[in-house]
J.: 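Just passing along the structure, written as structure tokens.
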Amino acid sequence: MMRAERGELLRAPLFHTPRNPFLLQDALECHWDGGLLIRDGRVADCGDFEAVRAANSEATTVDWRGGFLLPGLIDTHVHYPQLRILGVLGRSLLDWLEHRALPEEARMANDSYARNIAGGFIHALASHGTTTALVFGAHFASATEVLFEAAAHAGLRIISGLVLSDRRLRPELHQSAEAAYQDSTSLIRRFHRDGRLLYAVTPRFALSASESMLEVCQTLMSEHEGLRFQTHLNENTLEVAEVAKLFPWARDYLAVYERFGLGGRGAVMAHNVHPTDSELDRLAGQGTAIAHCPSSNAALGSGLFPLRRHVQAGVRCALGTDVGGGTGFGLLKEGLQAYLMQRLAPISLVIDSARLLYLATLAGAEAVGLEHEIGDFQRGKAADFVYLRPPAKSPLASIVEDAESPERVLAALFTLAGSECVREVRVEGSVVYRSSLGTL
Ligand SMILES: [Zn+2]
């Protein structure tokens with residue numbers, strides 16, 4: 001208790017982006033000999049170590065030099081029931097869903113199976129430095145409940161919901177509109193705003209949700225305050241064509257969701273690899289965010305995400321790992337993949353160090369409507385962070401020792417830092433993961 005009141009002062013180089021580097025210059029803030037003061041789970045101060053120390057001489061100092069502090073990473077699109085299908089290669093979206101993803105998702109009907117996956121999933125997020133995630137739950141209420149329970153137990157910030165579908169998947173994954181409404185309502189009552197948990201209404205995608213199911217989503221959104229919304233949009237050209245056939249009245253894919261009022265601040269739609277200009281304008285106008293999942297887009301051959309068009313239209317974008325269409329839980333790796341693909345995009349855009357960090361942190365907070373609480377180290381925000389420290393004698397350790405600028409260090413971290421570098425992860429100042437390698 002004494003320690004909490006006096007505060008804990010972490011000494012390490014620290015980086016954060018309190019501003020959007022796609023819009024502003026000098027958005028990256030770095031304190032090379034940095035001090036992050038944590039008191040009662042909040043950021044009480046952040047700056048140069050000596051200055052923070054002088055103003056808070058009673059705080060307990062922890063010397064973490066040799067490593068780096070970043071705000072907790074935020075994954076805006078990840079599927080909990082797909083942990084075990086990571087690493088399936090060589091298929092495209094609809095084929096991959098039918099033969100790999102959906103059979104595995106059907107196994108979540110078994111509670112003990114789901115509990116085992118939920119534990120592994122939460123551990124995987126934390127051990128990769130992810131402190132907040134917007135997660136597709138399961139098609140089964142009990143398996144979705146198990147995920148919320150595992151997240152609460154571990155202390156992560158999880159926003160999730162029962163996945164809703166009533167056609168074109170597998171019969172055991174379909175619900176009636178009535179059951180979808182009742183199961184969602186009881187999960188919302190139990191978990192929404194319970195500690196760090198939030199609920200997101202989650203129709204899988206327009207392809208598997210009839211108009212009456214989308215109406216249920218609309219009703220749920222109107223009946224409870226502060227709910228988030230998540231779904232998929234314009235991922236694959238075949239999927240886009242199928243959606244057009246199913247909803248002949250809709251001018252495009254986004255119009256299906258718009259008809260039911262599904263979108264706006266706190267709504268996140270994954271992928272949007274194949275948008276029209278009109279869709280981009282409308283997404284920007286609504287404040288709907290896009291979860292960009294570059295590893296998944298490459299692995300499933302979905303296409304090259306038009307990031308520059310999104311930025312120019314003013315659409316919010318953040319990063320998603322899209323486990324298991326993607327290639328793993330690491331958001332730093334996801335940032336690197338975004339960088340690589342944008343280098344090759346027909347209308348390319350360089351994602352520099354500041355933009356990488358922003359996409360993996362504050363942009364995610366903005367996407368899920370938590371930017372006042374998390375995403376950077378501004379005073380008063382929750383002390384959610386990841387402490388990265390390259391293993392001794394690794395190429396990364398050698399590079400950062402000799403790096404000439406903060407930008408150079410960040411670029412090297414995004415390129416080379418895997419989960420072996422994640423030494424400690426905290427949410428509101430509490431440890432949610434500590435590497436068995438130790439922090440020193
Ligand atoms: Zn997905």
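Only this structure's heavy atoms are used, side chains among them; waters, hydrogens and symmetry mates stay out. Everything quoted here is computed from the prediction, not taken from an experiment. Atoms within a ligand are numbered from 1 in the order they appear, just like the ligands themselves.
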J.: At the Zn ion (ligand 1), what angle lies between atom NE2 of His232 and atom NE2 of His79, rounded to 10 degrees?
T.: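 Roughly 100°, rounded to 10°.
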
J.: If you round to 10 degrees, what value do you get for the angle at the Zn ion (ligand 1) between Asp322 atom OD1 and His77 atom NE2?
T.: 90°

J.: Could you confirm whether His271 has any N/O/S atom lying under 2.8 Å from the Zn ion (ligand 1)?
T.: no

J.: Is the distance from the Zn ion (ligand 1) to the nearest N/O/S atom of Cys293 under 2.8 Å?
T.: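 Given the 2.8 Å cut-off, Cys293 does not count as a ligand of the Zn ion (ligand 1).
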
J.: So, taking the atom named CZ in Arg434 and the one named OG in Ser127, what distance separates them when rounded to the nearest 0.5 Å?
T.: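 Result: 15.0 Å between the selected atoms.
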
J.: Is there side-chain contact between Gln342 and Leu304, with heavy atoms separated by less than 4.5 Å?
T.: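 The answer is no; the side chains never approach within 4.5 Å.
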
J.: Could you verify whether a donor N or O on one side chain and an acceptor N or O on the other, from Tyr113 and Arg115, lie under 3.5 Å apart?
T.: no

J.: Would you indicate whether His99, at its atom NE2, is surrounded by more than 12 heavy atoms from other residues, nucleotides or ligands within a distance under 6.0 Å?
T.: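 Enclosed.
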
